[in-house]
Structure formats: structure tokens, C-alpha cells
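Proteins get letters first, then strands, A, B, ... in listed order; numbering begins at 1 in each.
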Amino acid sequence: MADLTPLTRAAPPAPKSPCLTNAPTADRLLLRGDREVMAAAGAAFGLTLPTLACRAVAVADVAALWLGPDEELLILADGAAPAAMVRLANALIGQPHSLVDISHRQTGLGISGPHAEAMLAVGCPLDLHLSKFPIGMNTRTVFAKTEIVLWRTGPDAFRIEVWRSFRAYVLGLLEEASHEFTP
Amino acid sequence: MQPFSAFSLFREGLKGQKGWTPQWRTPEPKPAYDAVIVGGGGHGLGAAYYLAKEHGLTNIALLEKGWIGGGNTGRNTTIIRSNYLFDESAALYDHALKLWEGLSQTLNYNVMFSQRGVLMLAHTVHDVQSFQRHIHANRANGVDNEWLTPQAAKAFCPPLNITANIRYPVLGGALQRRGGTARHDAVAWGYARAADALGVDILQNCEVVGIQRDINGAVEAVETTRGPIRTKKVGVSAAGHTSVVLGMAGVRLPLESYPLQALVSEPIKPVFPCVVMSNTVHAYISQSDKGELVIGAGTDVYTSYTQRGGLHINSHTLDAVCELFPQFRRMRMLRNWGGIVDVTPDRSPIIAKTPVPGLYVNCGWGTGGFKATPGAAHLLAWTMAKDQPHPINAPFTIERFRDGHLIDEAAAAAVAH
Amino acid sequence: MLLIPCPHCGDRPELEFVYGGQAHIARPADPSALSDQAWAEYLYMRDNPKGPHAERWRHTHGCGHFFNLVRDTTSDMILASYRTGEPRPTLAADPKGAA
Amino acid sequence: MSAPYRTEAGGRIDRSRTLNFTFDGARMQGVQGDTLASALLANGVHLMGRSFKYHRPRGVLSAGSDEPNALVAVRRDDARYTPNLRATEVELYEGLQAESQNRWPSLRLDVGASARLLAPFLAAGFYYKTFMWPRKAWDRFYEPFIRAAAGLGKAPTQADPDRYASRYAHCDVLVIGSGPAGLAAALTAAASGARVMLCDEQAELGGSLLTDQGALIDGQPTHAWLADALSTLAALPNVTLLPRTAAFGYFAHNLIGLNQRLTEHLPTAQATGVRERMWSVRATEVAICAGALERPLVFPGNDRPGVLLAGAARTYLNRYGVTPGRRVAIVAGCDGAYRTALDLHAAGVTLAVIADVRPAADGPLLRAARAAGLIVRAGMTVTGTGGARRVTSVSLAPVRADGSVGGVSETIPCDAVLMSGGYTPSVHLFSQSRGKVVWDDALKTYVPGASVERERSAGACRGSFGLAAALADGANAGAEAARAAGFDVAPKTFAAEATEASADSVIGALPQPASTKTGEAFVDWQNDVTVKDLHLAAREGFRSIEHIKRYTTTGMATDQGKTSNLNALGVVSHALGAPMAEIGLTTFRMPYTPVTFGSLAGVSRGDLFEPVRATAIHDWAVEHGAVFEDVGAWKRARYFPKAGEDMHAAVARECLAVRSACGIFDASTLGKIELIGPDAAVFMNRMYVNAWTKLSVGKCRYGLLLGEDGFIVDDGVVGRIAEDRFHITTTTGGAARVLAKMEDYLQTEWPELKVWATSTTEQWAVIALQGPKARLILEGLVESVDLSPEALPHMSVVEARICGVTTRLFRVSFSGELGFEVNVPAEYGRAVWEAIWAAGRPHGLLPYGTEAMHVLRAEKGFIIVGQETDGTVTPDDVGLGWAIGKAKPDFVGKRSLARPAMSAPNRKQLVGIFTDDPALVLEDGVQIVAAPGQPTPKRLIGHITSSYPSAALGRSLALALVQGGRARMGETLYAATAEGDVPVRVTAPVFYDPDGARVNG
């Protein structure tokens, strides 16, 4: 009989550049549904899910990111997804919706420091000036030849969510970009 | 027609080049013609030429809204090949290739057809399988196409990077030695000069603005910016603008027009002996007689008549070129331009009668029209003269979209699994 | 690279979008009732106009939603942006609009 | 030894920093701040290049990016060799090695110059008229000869090791050009708080202010004002200054491409960073302040080294402290030439003559010249120049009132001829923005007309010549741009005191006596296009300026006609007898100046060329020696060779392991979609050909997806997880396409359906276990689930736990053997894989790759989309008609299946193929014919889609699509191989275990 003790999640090695970090291991849920669904789901977590386009709301251990008019990404603590799914399912009884555990679909990267904007501008075609992409703004966008979710968490800090097989590419580009800023 | 030859050039050289006469006339439109060709690119000029040369029609007008050869004829990367997969396509493009092989002599105009070989690179197992299918089909159809190992490909094209440490290493290539390039302007001018000599009126700055039909629905005249012209046969060969022209006769076509870009580098001494195409990484490159690297870029994703594409399209083309030829990274883009390509759902052309009697169309060549120039012109002329298609273009109807007889070269090459 | 106004997200670079061809071509409710010709019209025939063109785009790498643009294909200038399901707006520069 | 033509003082150079460089191996010295051209001129070297066609000796003509002649290669090492650089743009650095081009054996003695003797026969377009006989000689003789003569520099021979970068940027106002107009625009816009970017192609910002002396702005000398303005701008946080940055392209919706040179000016040891950076700038508003280009004059011998533009000479003098000669002749076609005359005079250079080609020139600058004691002769023309590799004289003759040239030419000795026909507004970027240029009769030039994009031109590039006009125009443009971008702007004014020039100028060829040969009056220097060539084109009936350009190649050299376009237009206008406004301009195409391929490609190289997608189990496969193949962006393990094994041996071993024991396969790349909602089954019914309503929870079905055209686009197993939840799998390459297609239908056709599709491709690692021992291996690892055939029959799915983690466990088979697919969250993938691997090894478990997977499925006749199908194949063609839900009124693609061609009797159908020779493995794609020995073109009735040696069968097998194939069972057909037609037998496309017993374990 094989060892059945629960396995731990594999984590990628830390990035080389000091501007880059692995986000803490997290669980993620993708919720699709109409406005009522979002309202009820928010209530279940004691927060108001963002209805404004491209905005994120974060409380203690839950962040809700607006991805589309009927799509929210919930980022939770590692291991919190199963209980959250139950809680949401109970809160959304009778309301058509879709709730999918995508904890392992993507990984988080932190990018911070005075060159964060410029490093992202290597592959991200959005205007990341603080006046145009304020703290709390998030959106799906492109990063060179792949897709990311970009979320500004501070004046000089962003979080990237990227599908796991594209992580190496995003990281590679950011590290390449960091050569422009380190003499 | 004033003959072109080494002797005439020498004689004129002694006379200060003063004895040359116009290569074609600049006539005024006549009120009526036996046939009218709309579109003064290579396809249209060639059709006018073949109508006059092979079908005895001499009272022909060719209408061009701008200047002849100014559309896709003068805006492409001049790749010529015929190693297509399906029997219908191979027959069509090889018909053109055979005409290319004698075109300079036929027209007494050096179109600089250079059979330098077209090498198509395989980068994936799927590519290899697909190319082998092409090679086998081509051989059985009598079209040359051969498999090269990476080493043989490198021997044929020395600048090629066949190392394993690139994102999509070269696994081999399919070579059509009869393929090559030609001088695009010369094709238009050569056909124009030869057609003019046979009596064809080439009317530039003459845009078609309407097509008139008689009570039976048949074509009876075209309206142009230089006045009405009566005719019972109209052949439209207007590339990206075909939908617009055919729309004047109420004919809808399965076409969409997209911007396609190309670019050249600054000229350098000979370094690139052939044509290389890579559909997987999207690189298309050759070197012109002038020394410029000629590079085909991709189409933009949206329909447009602007003859302009996006900057990112160029970036994506050149990153591919630089992967395959990393020593060209320091070369510089000298000139970029855009054309408008008309694309059908199955990426194969239409050379056919239309539902309107007397109205014929040659369109839908997408990014591949230049290579077909003499063949398409020859077949359009045939179809117009005989009011029925030649066996080679018989499958390339509009009705194939209704009946499902598609000739889908693009899908056949698509990647999946 | 165009700058495309997404009805949900505002002006965004073309790289985030996927083009979806001519707009307002609804899939027939009962395809089996159509003649081959009518079905081919739906599948393949396109206006391909030189001028204002109502067309579908999807903000694939953004909010994920389809919407429509009216764009002048002679200049690539965008004349209107509106949500899927809404009619083509009436515009002075676009004689084919709602009217 | 100091350079002989360097002035005593002045210029924006640092005379204290001597720089050593070589040109064609000759050692010379320049100073910091020099360009290669200014350093060569300082050393008395005018001969810098050879022309393209006739290999004529050429000197530098200009001082900027418009230079057609002085093209050089710069070598740092073999891999850092850059051809075709303009000496006028190459900034000097210590140790710079430059070479001239297009000459052999040397620049002074060029054998290719013998082409000049043939010049009478090599007129424009000569190659269209000859080299046609014999036919074969073109490829073999003529063309190689022409090619060897053409081209300019040599391509680098080694991979470029330098880094390139790219960056997106955004601003409220982009100012292009940093001359007086650009600076005024930037200062005005920046003061409003707008985000301003200011770029200029030159090493120093300042444009014409770097050359201008003597004028005052706001009471300050220009140089002082410039320094103040730049320090003001540099101190503002909302301003980005970009010198050495060329705006090369204006794209739709105000996207402007900038190319920034970062290390080209540095000595090699310091040139280690990013070499060039391409900026894609999205500007809300643009102010184009691109200035104007000086026009040469067109007269015989105007290409002799030592003949250069007067304004360029002034730049060399005032900016670089270099004089072009010691005894200088000036040929003026505009007032600007007098500025050069006055400055040279002040620098102590002898002015042999000032010949003004205008009949009645006057104005403050002329008067100043006369006042300085300079001899001005008006109403003259130049009939020729003397000298070989350097001009030694200029010949002048008077022009009569009727325009004819009279009298005897007078030859005046000189060592430089400085000419200026006037200035042509640089409308390139405006034109690229799709604005139409309009002819201005007063200015005799094209200027920007109405805007299309959100831009405005200011200063000389729209014909506002003169310092005061440029400053005022620039300030207006900056204010207007900032206002349009939504900022409050305080108007700014700049007071300028400068001697103004009139707009009077000269275009086209100077008048000549009838006897003068125009074959040496050059219009396009680099491409050797003369007045005579343009006349020939007109004589041969070319009317459109585009035709004339293409026939003569005027304007098509590496300067893209910057110096030649308007003169060519003038000559053509004269030849055709039509006003210039009617002839029109050729299109201005991007780039404004050449852009390095590497810069356009940016960081996209090697592993960053495109993402390399790897599964959670990838590293294990690497560690176990897998050979990978690229499938889309994924790396997939193709086979796992042991020492000494080739692919066939490894695949045979892997296949036998699956058939006899068990194999483990990484199927993680398969696309996965979670479909959820009360209408999930309805949606599945509409999308897929199959019927889904009756599929029970916990059961799976093979799903087939068509395009609306009726052809197969994707397939995969679909499991019903709950009434309202499906787990869909797709092909690896089709994952994104299928999801996009679903979204399209959901959002635009059936928005009323309550169902959502979410990609879970990367959520799950998928471990396939296939083989008779699969259950035995899994049983010990899976908790609380009965894996027995009764509890978990073939084509079912159950949620369970494996190794303590959640799994969706599928009982499916793509090999024909008993099979399971273990889906676990990806970050557990490798651990679970290793646990199964450890549990399975005692049972003979082996890893297998995609190649064995292909063989196994081919033995069972299972299709692979993209191999058996090619976008032209229907379900019935590949024997999958059974999958279609017959009772369904509609599904995507159904209507198309009813079209006549889809049921034609000669459609190709999937069959099995056995070669008569069991050892013969046909190549993929071999064509099938019914009768052997046909001549080409043969009648082809099908082709091999898959072909393998089968270890299980002990012989080769193949799948094929053959016309009417299902009615041909047992027939002998022929495979048209390269070696000849090989007999083959048509068989059913299931080769192994036709009854399907093994799948039940």
C-alpha cells in the first residue's frame, strides 16, 4: 500500500531578479454569473464584489478581481477553496452560475520597485501610469505573446496571474527586461 | 512593337537613348469595346493580352483606376511556386509556372524570372508529415518537389540556422527547384506593352463606378470616371477591390479584403541564393537582384482597404526571420508597404463566370496571386472568350461554396493534434 | 495596432482583441429549412465594403466579451462601438446604420 | 598632427578628447562629438563611397539621415559588423573601424567603375530589354553577374550577439523633432502638466539650433537658449527626452514607432548593454516638428566629391568645426546658401564665387553677403565641374531672360562646391499618418493638408521657415496638442531675432546649353539616376510618378529619396510639360529612416521567441531521457529511448509494454473545458454532433465537433460530472479554438442559455495508464473507489482521491487496452505520477510518448484530428457517422453535411492499408492510385494518413483516405512511392483486437 499522506503543492523556484517574487501559494475560484450572482457571492464572503470594470476588491484573505461583466476571479488562501466552494454553492442555490476551482491553473508573480512599470512595458501594451492604471485596477491583458491578469497592488507594485505553462515565458521576459535597469 | 534586344539597346546607347518610343499608348476611351478588363494588375493586363493574342479579340479596353501594376502586382514578394497539395491547385499553379518559364521571350520583356528554388521549412513532426504528403502528391502530379534534410537545406541556403537551440528547430524542408522569383513591375509592363501592340487600349486613371445590365440582366456597359463604355463582356480582376466592383452588378462574393505587408532591407551583396518560406514561424524571405532582402509579413486580423498594416505585424515577421537567420539581426528595414488581399473561405481563388451573363471574375488569390499571374490571366481570357471555363479553372467556381466542393489548401496545412 | 473602444473596458490596444468578421449575421433558427444557396449566403457571403463596416470583435484578452464596431475600412477610423445584440447605430458617416 | 580642415575654435565638439579611428585601414584622428563624416572631412577626406550602379566616386553630400553617398560599414568584430551606415550619422568613438563599400579592390581604384564606360548602354530599365536569350542564360549567367554588381555593403556573417529591447509607452503629447518648433511645442505642452515625450534622431537635441549662430531667442544667443530649454525640460517629471531616437513610422490610431540607439556611439568595451530599443508609443496627440530637408541642385558633375549641400557645410563648420575646403564655390538656389557663405567667410575660408541661379535674387542675406565684400553673381547656371575624385573647379554660364543659356562657360578653380536649391518640408510622417499633402504654390512645395489622425505639423515641416515662425508655430502646436489632450495651457511666446530668408527656391534641373549632356546631372545620387534617365522614362510613355520611380529607381535608394524626390518631380514635370501639382508625389512609406531588424524583433528570441509550454510532469520526462516534439507551443515527450535505441526501437518497446503490461503517458496537454449550468446539455447538443441528453452522470462519450462548414475541427472524450456539469477534453492544438468557438455561440447566438465554459487545461495534470495491468497498479493508490469493471466500466468517470489528493478518474482508452486517465490538480501532478510510477514498476510499467500513442491508436483505427482529418473531412469520411445524434434537429455543421458534395460517391473514406510486403512502411502522405504505371499526372484516389511498423501485428500498417474506400475492402490498389507503384490491400481500419475485448481488461 502506497503512502497516502497528502502531498504538498509543488512550488516553482524563486525568480532571480530582486524585483520579482513568487506570490504565496493560493487557491483560486472562477465565478461566472449575472449581477445577482455576484452580489450574493460577495455577501457570502462579507464583501462587495466589484461591479466597476477592471477593479479588484481585497479583504483579509480573499481578493475578488473583476475579469469581465459576468466573471470574477477569487484568490483565496492555500487550501481554502473547498470550503469556499461549499459556502458559495449554499449562497447561490437557485441562481444559475458556474464555479470552477482553478487553483492550479495559474500562478502569481509579484513585480515591484521603481522600474516595475517600465519592466511590464516590455510586453504589456497598456498605459500603466498611476493616473491611468491606479492601485486596485486589474485586467486581463497581453504580455508579449501570452495572456496575463495584471493587478496593481501599490504605487510600484503589481501582481501578475499567469497560466502555469506560460510562467517561464513571462518570467523570462521580465528578467530580460531587468537587464535594462541593472547596470 | 519596338523590339527589345541587346542589339537595340546597343544601337540606342550610341544614339543617346533618344530613339525609344512609348512602351504603350495613352489612348482616349472609345465608346464601345468587344471586351473590357477591369483591373490593371498583372492578372488583368495578362488577360487582355491573351484575349488579343489567343482568342482574336482586338477591340479590348483595360480599365485601371490608378496606374497599372500599382496594386498587389507591385506590392508582393514575388514568390513563384506550384507545389500545392490538391490536384486542382497543383494543376492551376503549374499551368502558371509553365507560362512563367517562357514569359520573357513570349513578351519580349525581361521579367527576370529566376528559378532559384523555393524552400519551405518544416519545424514540427506535423510539418514533416504535411510536407511529405505534398511531395508525394506533387510527384504523382508531375510537379517537382523534394525533401531536404536540415543539412541539405543548409547546403542549399547557407545562411539558414539549423542548430537545435532555437525555439522551433528546422527539421527539414520541401524544395521546389523550379520555383523562384520574378521582377513584379516588369510583368505588368511586359504584358501592357505586348497587349498594347495587339491593339488593347490601356486606360489608366479610369475607375469603374457602375455596371449597367440589359433587360435580361446581362452586362451592357460599364460606367467609368472617364465616361460610359459599352461592352458585352467584362472581366473583373481587381484583387482587393473585387467585392466593390462586383457589388455594382449585384453579385455578392465570399471575399474579405485584408491588409498584407511586405518589406525590404537595405541592399547587400549576394548572400541569399533562394527563397525560404516558413509557415510555422511565419518567415518568407529572398534576395532581390538589387540586393535587398525581400520579406513577406503577415496579414492584419481585420479587413481593411488602407494598404497599411500594424507595426506589431512587422515585429512578428522579423523576430521569425532573425531566429532563422540570426546574422541578419543587424540588417535594417529600408521600406515597408501594404497591399490589399482578397481572401476566400477556402483560401483558393475564383476564376469563373458569375450569375450575371457577360460578367467574369478572377479573384480570391489571397497572398498567393503573383505566382499565378500568367496562368490566371490565361484562364480568365479563355473563360471570357469561350463563355465557359477551361478544364483547369472549372473547379474554381463561385458555386463550390454552395455545393461544398471546397479546395482548402490552408486547412490541409493547418496544425492540430 | 488599432486602439479599440471596448464597451466594457474602454480604449484598449488591438492586441487584446480577436476579430470576428461582419456583424449582424444571425445564425438561421432552422438551418435545415434553408436552400443550399441561402445556407451558403449565411456561411460565406460577406459585404466586404469599402467604407463603414459593422464588425464583431471579442475582447478575448480583456473582459472576454464580444461586441461590435462600425469601422471605416478606408481609414480604419472607428465610428462606433456597441454591445452585442444592440442594433447598428445611426451615424452621419454611416448611411447603412440603423435606418 | 591635428586635422588639416579643422577650424581653430568653435563647434559643439570637445577638442580636448582626441579619438583614433580607421577608415579602410588608414589611421586618423577626430575628436569627441564628431561624426565619422565630420572627422573624415576634417582630415580632408571627401571620397567616402561609391554609387550603386556606376560605382562613381562619391563624397559626402549632407550632414544627416538624408545622406545618399557616404555609406560605410562599421566593424566592432565579426559578429558586430554593420553595413550601409551613413557616415553622417555614425558617431565617432575611440577605436572605430569603418570601411567603404561597393568597391574592389579599393575605394580609390574600383574596377566596378568601368561600368561608367558602359553608362550610355545602361540607361534606366536597360535590364528589361535584354538578357533574354538564350533562355537559360538568365539564371546562370546574366543574373549572377547583375547581382554581384548590385548590392551595397556586405551582410554580417555571424549571429548578432547584441541585445535589443522593446517598450510600449504612452503620452499625452509626443513631439517629434527637437528643433526650434519642437522645443517650443514641448516647453508649452509640458508646462500644462501633460505627459510629453520629445524625440529626435540626432545625438544631440536641438535640430537647426545646433547649427544656427548669430540669432537670438528671448534675447539669448541660440546656444544658450537651447541649453536652458533642455535643462528646463530635463527637470520636469512629466517629460521624457529621447535623443538618438528616430520616429520611423506613424501607424493607425496615433501609434508611432520610435527607434532608439543606445550603444552605437560607445567604444566597444562600453557598448555592452541593449543596443537599440524600439518604442511603440501611443500618443493622445502628436506634434510633428520634423523640419525640412535641403535640396541639392541638379547640374552636370554635381556628384563629384567635394560638391555638397551648403546647409550641410554650415553644419560641419558650426557644429563640428570643420571646413569643407579652402577655396569654396557656392551655388545658391535659395537665400539659405548665403548663411553658409557668411559663416565660412567669417571663419576665414576663401569664397571663390557665389553664383546665384535665380535671375533676380535679393534680400537681407544677399545684402549682408555683398556688404561683407563677397562677390555674388546672379542669374547663373552651372554647366559642369572638374576633377576626378575631388572637385577642382566649377563651370558657370549666364542664363538669359528667356531661360536659355548663353555665353561661354567660365571655369573657376575651387576645392569645394556648396549648393542649395532650398528646403523641402519633411512631410513623411504626416503622409504616413494618412493625411494628404497639398501643393503650395507660394512655397513651391508640398505641405501637410488636413489631418486624419490627432496630429499637427509645426515649423519647417509645414513650410513655416525661419526661426521666429518656427518658434511661434511650435508653441501653438504644443498648446493645441496639450489642450486637445485635455490640459489647460498657458500660451507661451518666444521672441526671435534672426535674419530671415525668402521662400524663393529652385526645383529640378538647372538650365543647360543645348550641347550639355545630362547623363551626368544626378537627381538620385545613390541609385545613379540622372536627368537623362528621367527623360527616357517619360519618352517611353511612363506618365505616373510611381511608374517613373519604379522604372528609373529614383527615390528607391537607402535614403528613400529624401534629397531627390522633389527634384525628380521637377524634372518629370518639365519633361511631361505638366505642372508639378498635377504629377503628384510618390507614397511616403515607413520607415522614415532604416530600422534594425533586431530592434523590431526586440526581446523575442530563443526561448522568448514564443512561450515554451511544459507540463507539470515535463521535468520527470527530461530526467528520464525523453525526446520531445513541439506541438503548438507545448513540448511533448515523443519517446523515451534507452541507450542505443533509435525511435523505432523505443516506440516498439513502449507499445509492447502497453499491450502486455502497462504504459504511463502524460496527457496533460489535452485541452480541458469545464462546462457548467442548467443548460449545459442543451448547449452540448447544439455544439457537438453527438446526443448528450441521455448521457448519465458518471459516464463519458466521445465527442465530435464540426465547423459550420461540416468538417471535423476537434474531438475528445466528454464526461458528465453532474447533470449541469461536463468535463470536456479537446485536442492539444484545439483547446483555445474550441473554447473561443463556445464563447462565440454562447454570447452571440444563444445568449439565453444559462451555461458557462471555463478552461481547466492547466488546472489538471493528466496521467494516462493504459494496459492490462492498469487497474492492478492504480488500485493501491486510489481511496474509497471501486475500480472494478462493474463499478467503473469503460467510458465512465468518478471523483475520487489518489495519494491523498482529489482526482477525476476517467476510465477511458485511446490504445484499445484497459485504461485510466488520472486527472489531478497540476501542482500534485509530478508527485502522483511518481507514486504511480513507483507502484507500477514491479508490474512492468513503462513511460511512453506521443509516437507510441499514435501507433497504439492507429492499431485500433482511432483517428487523430489533423492527421486523418485536414479540414476537408466529414464524420462519415472517417467512419464516425455513428457518433451523430440522428434525432437532433440541428447542431453546428449539420446543415453543411446536407450539401451535394458532402455525400458525393467518390468522397475519400478511411480505410486500413496493408502493403504486400509486411516489412515495408509507407511514408506518410504517399498517394494511392487504382492502376499502376500511370504517366503523370496520375489519377490520385487517396493518400496514406498514418503509417507505422506495428510491434503488436509484427508488420506494417497504415490508415488511408481512399475514394469510395469502404466499398473497396480486399481490393488491391497501389501506393505511388518515389521508388514506384507498390501494391497494397485495402482492409478495415481496425487492425488489433477488432472485437474490442481488451478494453474491458
Side-chain angles (χ1 to χ4, degrees), chain A residues 1-12 25 28 30-34 70-71 81-82 95-107 118-129 131-132 144-146 162-170 172-173 175-177 179-180 183, chain D residues 163 165-170 195 273-274 277 280 282 602-604 607-616 633-634 669 674-679 724-725 754-765 780-781 783 801-806 824-832 835 838-839:
Chain A
M1 197 70 181
D3 180 8
L4 294 186
T5 53
L7 302 166
T8 49
R9 291 171 68 170
T25 303
R28 297 169 182 85
L30 196 78
L31 178 62
R32 309 261 327 244
D34 58 22
D70 62 352
E71 184 176 5
Q95 299 192 64
H97 68 280
S98 154
L99 183 64
V100 183
D101 183 347
I102 55 162
S103 300
H104 294 235
R105 185 178 84 169
Q106 54 209 51
T107 64
M119 282 169 70
L120 285 166
V122 165
C124 177
L126 296 178
D127 189 348
L128 300 176
H129 192 262
S131 65
K132 301 290 168 71
K145 296 182 183 178
T146 191
V162 57
W163 285 17
R164 50 179 306 103
S165 72
F166 293 102
R167 176 184 180 277
Y169 173 77
V170 169
L173 274 178
E175 290 187 332
E176 172 71 23
H179 289 294
E180 290 185 58
Chain D
R163 269 200 159 88
S166 40
R167 195 176 298 176
Y168 293 101
H170 305 261
R195 274 191 289 165
V274 169
R277 178 188 290 130
S280 298
R282 183 80 68 178
V603 294
S604 182
D607 277 356
L608 301 180
F609 172 69
E610 251 182 33
V612 181
R613 302 183 71 182
T615 70
W634 287 102
T669 64
E674 192 88 343
L675 187 78
I676 302 177
D679 294 322
D724 63 351
R725 184 180 285 244
K754 297 291 181 200
V755 59
W756 295 268
T758 301
S759 173
T760 49
T761 301
E762 302 239 35
Q763 166 68 14
W764 301 107
L781 301 172
E783 295 167 64
R801 293 180 75 76
I802 185 167
C803 305
V805 301
T806 308
V824 291
E827 286 166 23
Y828 300 125
R830 178 162 179 176
V832 172

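- Only the side chain of Leu30(A) comes within less than 4.5 Å of a heavy atom in chain D; its backbone stays farther off.
- The backbone N or O of Val274(D) sits nowhere less than 3.5 Å from a side-chain atom of Glu180(A) that would complete a donor-acceptor pair.
- Side-chain atoms of Lys145(A) never come within 3.5 Å of backbone atoms of Pro611(D) as a donor-acceptor pair (strictly under, hydrogens ignored).
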Open item on the list: Would Val122(A) and Val603(D) count as a side chain to side chain contact (heavy atoms under 4.5 Å, CB included) here? Give the steps.
Closed with: CA-CA 8 Å; Val122(A) 165; Val603(D) 294; 4.2 Å; yes
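- Interface remark: of the candidates Pro12(A), Ala168(A), Gly123(A), Ala11(A), Gly123(A) forms the most heavy-atom pairs closer than 4.5 Å to chain D.
- At a 4.5 Å heavy-atom cutoff, the contact between Arg277(D) and chain A is made by side-chain atoms alone.
- With a 4.5 angstrom heavy-atom cutoff, Ala177(A) does not touch chain D via any of its atoms.
- Using a 4.5 Å cut-off between heavy atoms, Leu120(A) does not touch chain D at all.
- Chosen from Ser131(A), Ala144(A), Cys124(A), Ser103(A), the residue pairing most often with chain D at heavy-atom distances under 4.5 Å is Cys124(A).
- Side-chain contact between His104(A) and Tyr828(D) is present, with at least one heavy-atom pair separated by less than 4.5 Å.
- Looking at Ala614(D), only its backbone comes within 4.5 Å of chain A, counting heavy atoms on both sides.
- With Gln763(D) contributing its side chain and Arg105(A) its backbone, the two residues share a donor-acceptor pair below 3.5 Å.
- Checking side-chain atoms of His170(D) against main-chain N and O of Pro125(A) turns up a donor-acceptor pair under 3.5 Å.
- By the 4.5 Å heavy-atom criterion applied to side chains, Arg282(D) and Asp127(A) are not counted as neighbours.
- Looking at Val832(D), the atoms closer than 4.5 Å to chain A (heavy atoms on both sides) sit in the backbone and in the side chain alike.
- Glu762(D) places a side-chain heavy atom less than 4.5 Å from the side chain of Phe166(A).
- More than 12 heavy-atom neighbours from other residues, nucleotides or ligands sit within 6.0 angstrom of CG on Asp34(A).
- Tyr169(A) places a side-chain heavy atom less than 4.5 Å from the side chain of Leu608(D).
- Distance check, rounded to the nearest 0.5 Å: CD1 of Ile102(A) to OG of Ser759(D) gives 9.0 Å.
- Rounding to the nearest 0.5 Å gives a distance of 11.5 Å between OG1 of Thr758(D) and CG of Asp101(A).
- Highest contact tally toward chain D, considering only Ala10(A), Pro82(A), Ser98(A), is held by Ser98(A) [criterion: heavy-atom pairs under 4.5 Å].
- For the pair Val100(A) and Thr760(D), the minimum side-chain heavy-atom distance is below 4.5 Å.
- Of the listed residues (His97(A), Lys132(A), Met119(A), Arg164(A)), the one with the most heavy-atom contacts under 4.5 Å to chain D is Arg164(A).
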Open item on the list: Let's go through Trp756(D) and Glu71(A) carefully: what are the C-alpha distance in whole Å and the side-chain angles of both, what is the deciding distance for side chain to side chain contact (heavy atoms under 4.5 Å, CB included) to 0.1 Å, and is it a yes or a no?
Closed with: CA-CA 10 Å; Trp756(D) 295 268; Glu71(A) 184 176 5; over 6 Å; no
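- Proximity to chain A (any heavy atom under 4.5 Å) is restricted, for Trp634(D), to the side chain, taken from C-beta onward.
- Between Leu126(A) and Tyr168(D), the closest side-chain pair of non-hydrogen atoms is not below 4.5 Å.
- Residue contact with chain A, scored on non-hydrogen atoms closer than 4.5 Å, involves the backbone and the side chain of Ser166(D) alike.
- Using a 4.5 Å cut-off between heavy atoms, Arg163(D) touches chain A through its side chain atoms alone.
- Inter-residue side-chain proximity for Thr615(D) and Ser165(A) is flagged as unmet; no heavy-atom pair is nearer than 4.5 Å.
- Proximity to chain A (any heavy atom under 4.5 Å) is restricted, for Ala757(D), to the backbone atoms N, CA, C and O.
- If you measure heavy-atom distances from Pro678(D) to chain A, the contacts under 4.5 Å come from the side chain alone.
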